[in-house]
Amino acid sequence: MQGQILGKSEIQRSMTTQPIGRTFGTVPALFGGQKSLYEKLRILSDAAKYDVACTSSGTSRRGDGNGIGSCEEAGICHSFSADGRCISLLKILFTNECIYDCKYCINRASNDVERTSFTPEEVCRLTMEFYRRNYIEGLFLSSGVLKSPDYTMELLYATLHKLRTEYRFQGYIHVKAIPGASQELIRRIGFLADRMSVNLELPTAEGLKLLAPHKTRKKILTPMRLVQNGMEENKKELILYRNAPSFVPAGQSTQMIIGATPETDFQIINVAESLYKKFELKRVFYSAFIHVNEDEHLPARTGDGPPLLREHRLYQADWLLRYYGFEAKELLSEKNPNFNVLVDPKCNWALEHLE
């Protein structure tokens with residue numbers, strides 16, 4: 001099934017053949033009344049498509065031979081749907097209910113969208129059934145903020161703990177940390193997940209204040225620092241104790257929305273460079289702003305659609321930062337703050353440095 005999007009009949013067949021323990025049925029949702037598991041999957045997988053930070057780079061953590069799944073570097077592969085989404089991971093939100101009202105988000109509290117939530121048991125069963133049929137390699141689990149950051153993280157922890165201990169799943173798991181959640185909850189989840197990520201959301205604190213006033217740069221960077229410190233401490237423990245549990249062995253990543261606020265490319269790659277240096281991130285993802293809401297603080301609608309070419313140029317520049325030793329100031333400047341859309345950043349740099 002690699003490279004294919006599962007249709008309704010195949011998903012329903014996955015959930016009704018060879019069940020684990022009992023057949024799938026209609027389970028009471030936390031919100032939205034009674035919904036079947038397929039209905040929840042339809043809603044919460046669609047709600048997750050705006051989070052692009054779902055790719056995995058693998059990790060060398062091995063299973064113990066008593067569970068199911070593998071995290072060997074060669075065992076994590078990707079397929080992409082027509083709109084660019086990675087589908088080799090089961091990519092879902094735990095819930096699309098959210099207490100925040102971020103102006104750019106389809107799941108903002110003030111939007112009239114269909115709401116629902118999984119239970120920890122449902123996420124585990126979906127993951128295991130899809131994995132056993134070779135539909136997926138692992139799980140990407142994000143969430144809206146249900147009731148509070150701590151309440152949401154407790155649900156995510158319960159899900160991962162059940163998946164790892166009761167279902168013995170040893171495959172790849174990428175989970176989103178909720179800014180504002182307690183350090184202890186983030187630490188516990190870090191020993192269950194392979195990768196964690198905290199979305200920066202917008203490149204600057206001013207942008208956050210304008211479009212996501214419930215979130216602050218401090219609340220976002222605090223869990224990033226916690227994960228970084230936890231990884232450093234864990235490396236020392238693994239040297240002393242080879243069988244010590246691994247903490248976020250595949251590292252952490254983040255995501256920025258591009259085009260919702262007026263930052264220049266120079267500002268954006270400077271932020272990315274700072275994150276790589278100060279927090280040792282594996283990846284910074286760039287997500288072209290998609291106009292899903294009407295709000296006076298958002299850019300006006302145009303016929304051009306999302307700024308995908310700009311997003312592409314930022315990814316090209318990101319590779320120059322990560323793999324080729326470039327610095328942001330070598331690629332752009334305050335006098336020349338945006339990339340040339342006609343040529344890629346490497347070619348543009350070469351044209352400006354013919355010597």
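Here the closest non-hydrogen pair linking R217 and L202 is NH2-O, 3.2 Å.
The closest side-chain heavy-atom distance from K91 to L141 is not below 4.5 Å. In this structure, S253 and R195 have side chains that are in contact, with non-hydrogen atoms separated by less than 4.5 Å.
With hydrophobic clusters built from ILVMFWY side chains whose heavy atoms lie under 4.5 angstrom apart, L308 does not share a cluster with L314. Hydrophobic clustering, with ILVMFWY side chains joined whenever heavy atoms are under 4.5 angstrom apart, keeps W349 apart from V341. Connection of F339 to L309 is not established within any shared hydrophobic cluster, with ILVMFWY side chains joined at heavy-atom distances below 4.5 Å, either directly or through further cluster members. Both Y286 and Y324 belong to a single network of hydrophobic side chains, linked directly or stepwise wherever heavy atoms of I, L, V, M, F, W or Y lie under 4.5 Å apart. Taken together through direct or relayed side-chain contacts under 4.5 Å among Ile, Leu, Val, Met, Phe, Trp and Tyr, W319 and V271 form part of one hydrophobic cluster.
Sorted by first and then second residue, the ring-ring contact (aromatic ring centres under 6.0 Å, His included) pairs with a member in residues 208-243 read Y100-H214; sequence neighbours excluded.
Each of D318, L200, I269 was scored for a side chain to side chain contact (heavy atoms under 4.5 Å, CB included) with V284, with one residue passing: D318.
Side-chain contact of S110 with D101: a donor-acceptor pair under 3.5 Å is present, judged by distance alone.
Ring centroid separation for the pair F169 and Y131 comes in under the 6.0 Å cut-off. Remark: aromatic rings of F118 and F94 are distant, center separation not under 6.0 Å.
Partners of L238 under the side-chain contact (heavy atoms from CB on, under 4.5 Å) rule, at least two apart in sequence or in another chain, are N234, A244, S246.
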